[in-house]
Amino acid sequence: MRMSELFFTTLREDPADAEMPSHRLLLRAGYIRPLGAGIYSLLPLGMRVNMRVTQVIREEMNAIGAQEMLMPVVHPADLWRETGRYDQIGPEMGRFNDRGGRDMVLAMTHEEVVTDLLRKLINSWRQLPQQMYHFQTKWRDEPRARGGLIRVREFTMKDAYSADRDEAGLDRSYKLYYHAYTRIFARLGLEAIAVASDVGMMGGSLAHEFMAFSTFGEDSLVLCDGCGAAANRQVAAVRREVGASTPQEPLKEIATPGASTIDELAAQLKVPASTCAKAVFFADRDGRLIVAIVRGDDEVEETKLTNAIGARDLRPAREEEIRAAGMEPGYASPVGIKGATVVVDELVASTANMVAGANKAGYHLTGVNVGRDYTPTAVADIASAKVGDACLACGGQLRIENGIEVGNIFKLGTRYTGALGATYADEAGVSHPIVMGSYGIGVGRAVACIAEAHHDEKGLSWPISISPFDAQIAIVGANKDPKVTEIALALEVAAEAAGIELLVDDRAETPGVKFADAELIGAPWMITISPRSLEAGGAEVTRRSTGERSVLPIGAVLDAIRAAQASDRAAVEAELLARGYPPRHSARDPHPAA
RNA sequence: CGGGGUGUGGCGCAGCUUGGUAGCGCGCCUGCUUUGGGAGCAGGAGGUCGGAGGUUCGAAUCCUCUCGCCCCGACCA
């Protein structure tokens with residue numbers, strides 16, 4: 001490809017409204033352009049990276065026996081009514097009417113459609129298991145798009161689905177995807193780990209998220225270096241010391257003027273924050289008030305709270321809602337109130353004689369005991385894991401890092417097949433619902449994460465496996481010697497024949513511009529061909545990631561690139577093998593370990 | 001949806017407080033010179049100042065409403 005013909009432009013200055021490096025650089029280097037909030041065009045450079053990423057995913061999907069297909073973006077709403085999600089899902093789903101006035105939806109995901117196909121195509125146990133996937137556009141009207149391709153409203157997802165006859169089959173399928181995903185992210189140059197996660201709107205029983213480490217990550221990952229346990233903070237359980245059993249003291253009201261926060265309260269009473277009960281208020285979709293009680297040194301983890309009581313759409317409660325329930329913000333507790341759902345953290349439930357609000361401004365109660373002084377609706381682990389907490393599995397110290405979710409795998413079970421009546425007949429002719437899993441990767445987000453992980457102050461620096469071009473040629477000094485252009489273009493032709501894609505900078509720009517743009521665009525090698533390089537023996541080859549430079553005879557350049565590509569790929573495979581993730585597993589083969 | 005910010009040629013910004021002919025840098029076009037780290041000189045093109053309404057002799061500037069976008073929080077690949 002000649003750069004003079006490439007549909008793109010680089011920007012010399014950073015776009016004002018891009019913060020994250022991937023956003024900034026993908027814009028500046030001419031990979032993407034926004035159309036609206038969270039809606040992007042992929043320019044040819046961006047599309048090339050997208051295709052490379054897609055190809056890696058495709059190869060690994062095919063390797064586990066998944067079959068590529070394509071399902072529509074526009075669905076009849078009736079199908080979504082059958083699973084109940086048409087009403088469950090809020091404004092993040094795009095809805096419209098066709099010309100006949102029928103309700104239609106834009107795909108946010110494809111469980112409904114794939115399950116509809118299963119019920120139409122699968123009749124017998126002999127047809128199972130099945131694995132299928134596609135790359136398709138999703139529309140999710142996110143409340144807030146952000147960070148360029150990191151969180152957008154329209155995006156391409158690779159979503160795969162497994163269909164098995166029973167839980168054991170689903171276990172096997174799940175492990176296959178775990179295996180494939182590990183291989184995919186390694187091949188994409190992403191350091192990603194699988195963490196236990198919430199099942200969210202997908203439903204189902206077990207889920208892992210694959211998280212790319214990033215300081216800009218929106219999720220907090222709770223990690224144990226001791227045993228390798230990893231979980232999303234939303235669901236991370238930790239080992240918690242149970243309070244010593246102390247005799248219960250009588251309830252006593254004390255004046256605590258101005259102590260409307262836990263810090264002030266603990267300071268005023270000279271007691272540790274852990275002995276104070278913190279009340280946090282939420283309201284659900286129907287306006288029902290929910291009081292969550294955690295220890296003063298803990299925070300409420302909303303996802304855990306949501307799951308503990310099967311609530312939906314929690315939001316912070318408004319002050320008037322709290323007062324309406326008979327509580328005093330700043331001095332609130334469930335003691336003496338009625339009508340609210342009270343969820344108590346298990347640690348609070350096992351701690352005697354806590355300090356809690358008196359529901360009267362300026363007063364607290366001491367000697368508060370759960371069960372005696374108030375009755376909780378539920379007792380559950382609803383506190384956020386903290387740095388330094390003890391690992392549930394091994395007791396080791398936990399640490400917390402930020403990550404970006406690039407993929408997830410869900411055990412759906414019969415959530416959809418049950419609702420839609422997708423069944424098969426077993427050997428005895430008895431009908432059973434098909435057992436499903438679903439497995440997603442956001443392609444554009446993966447691209448953005450790779451850019452986050454592979455860039456420097458000068459620009460992008462793609463891994464060899466997914467760069468838009470294998471190398472970029474800077475033609476320098478063509479005015480002094482027309483031969484350099486000839487040689488460069490001949491090299492491009494030879495490369496094409498060898499299956500190597502070069503981007504040749506034949507523009508009438510000064511060398512400085514060409515070098516700067518090459519570094520911005522970030523192909524793994526920059527090849528300079530100039531009178532000077534020819535004199536030195538051929539082409540000057542610079543490795544983008546290291547800045548390492550050498551001069552090679554023109555005839556040796558392509559071989560060198562190919563050799564480097566091969567050894568890079570071999571190194572990734574060797575590492576994957578060492579970790580227990582060799583290539584090639586069929587869905588019907590026994591699986592090693594995952 | 002709450003909070004904060006911002007909207008002025010393709011990009012980055014000034015001008016707004018104190019109303020009076022819309023400016024700067026980069027990029028773009030033409031010519032000449034230049035050519036190994038974002039060239040120089042000369043000439044040139046390009047803007048309903050996000051939109052609507054209002055105040056005023058006069059609005060980028062003041063007022064009201066509205067829309068877009070970005071960032072921070074509650075949600076997700």
Using a 4.0 Å heavy-atom cut-off, does [X] contact any base of the nucleic acid, only the sugar-phosphate backbone, or nothing at all?
X: A:Val443; answer: nothing
X: A:Glu142; answer: base
X: A:Gly36; answer: sugar-phosphate
X: A:Gly90; answer: nothing
X: A:Val476; answer: base
X: A:Thr156; answer: nothing
X: A:Glu209; answer: nothing
X: A:Thr9; answer: nothing
X: A:Gly407; answer: sugar-phosphate
X: A:Arg24; answer: nothing

What's the [atom1]-[atom2] distance between [X] and [N], to the nearest Å?
X: A:Asp14; N: B:G38; atom1: CG; atom2: C1'; result: 14 Å
X: A:Arg33; N: B:G10; atom1: CZ; atom2: C1'; result: 10 Å
X: A:Arg153; N: B:C69; atom1: CZ; atom2: P; result: 7 Å
X: A:Asp17; N: B:C70; atom1: CG; atom2: C1'; result: 5 Å
X: A:Asp505; N: B:G38; atom1: CG; atom2: P; result: 15 Å
X: A:Tyr133; N: B:A77; atom1: OH; atom2: C1'; result: 18 Å
X: A:Asp141; N: B:A74; atom1: CG; atom2: P; result: 19 Å
X: A:Glu218; N: B:A77; atom1: CD; atom2: C1'; result: 11 Å

Whole-Å [atom1] distance, [N] and [M]:
N: B:U18; M: B:A59; atom1: C1'; answer: 14 Å
N: B:U61; M: B:A22; atom1: C1'; answer: 12 Å
N: B:G9; M: B:A52; atom1: P; answer: 16 Å
N: B:A60; M: B:U55; atom1: P; answer: 16 Å
N: B:C1; M: B:G47; atom1: P; answer: 36 Å
N: B:A14; M: B:C71; atom1: C1'; answer: 23 Å
N: B:U34; M: B:G23; atom1: C1'; answer: 30 Å
N: B:C13; M: B:G3; atom1: C1'; answer: 26 Å

Check every atom of [options] against the side chain of [X] and return the nucleotide holding the closest atom.
X: A:Asn479; options: B:C75, B:U35, B:G38; answer: B:U35
X: A:Pro15; options: B:G12, B:G38, B:C28; answer: B:G12
X: A:Arg445; options: B:C28, B:G38, B:C76; answer: B:C76
X: A:Arg144; options: B:U35, B:A77, B:G73; answer: B:G73
X: A:Arg140; options: B:C71, B:C76, B:C28; answer: B:C76
X: A:Lys480; options: B:U35, B:C11, B:A39; answer: B:U35
X: A:Ala37; options: B:C69, B:C13, B:G25; answer: B:C69
X: A:Glu519; options: B:A77, B:G37, B:A39; answer: B:G37
X: A:Met157; options: B:C11, B:A77, B:U35; answer: B:A77

query: For A:Leu520 and A:Ile150, take the nucleotide of RNA chain B holding the closest heavy atom to each; which residue's nucleotide lies nearer the 5' end?
result: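 First, find each residue's nearest nucleotide; the 5'-ward one identifies A:Leu520.
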
- prompt: Closer to the 5' end of RNA chain B via nearest nucleotide, is it A:His23 or A:Phe155?
  reply: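 Its nucleotide being nearer the 5' end, the pick is A:His23.
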
Applying a 3.5 Å limit to both distances, which nucleotide forms a Watson-Crick or G-U wobble pair with [N]?
N: B:U6; answer: B:G68
N: B:C1; answer: B:G73
N: B:C49; answer: none
N: B:A22; answer: none
N: B:U30; answer: B:A42

message: Would you call the rings of A:Tyr581 and A:Tyr178 parallel, tilted or perpendicular, taking 30° and 60° as the class edges?
response: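 A:Tyr581 vs A:Tyr178 ring planes: parallel.
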
Do [X] and [Y] sit within salt-bridge range, that is, some charged N less than 4.0 Å from a carboxylate O?
X: A:Asp456; Y: A:Arg544; value: yes
X: A:Arg532; Y: A:Glu540; value: no
X: A:Arg24; Y: A:Glu19; value: no

Taking 4.0 Å as the cut-off, does a side-chain nitrogen or oxygen of [X] come that near to OP1 or OP2 on [N]?
X: A:Arg12; N: B:G27; result: yes
X: A:Arg146; N: B:C72; result: yes
X: A:Thr510; N: B:A39; result: yes

Ring-face cation of [X] near [Y] (centre distance under 6.0 Å, axis angle within 45°):
X: A:Arg95; Y: A:Tyr86; answer: yes
X: A:Arg543; Y: A:Trp525; answer: yes
X: A:Arg445; Y: A:Phe155; answer: no

Distance-only donor-acceptor check, side chains [X] and [Y], under 3.5 Å:
X: A:Tyr40; Y: A:Glu154; result: no
X: A:Arg58; Y: A:Gln55; result: yes
X: A:Asp517; Y: A:Thr10; result: yes

Side-chain-base donor-acceptor pair under 3.5 Å for A:Arg151 and B:C75: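 Result: at least one qualifying N/O pair found.
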
message: Is it the case that B:G25 (base atoms only) and A:Glu13 (side chain only) share a donor and an acceptor within less than 3.5 Å, ignoring hydrogens and angles?
response: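 Under the 3.5 Å cut-off, the side chain and the base do form a donor-acceptor pair.
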
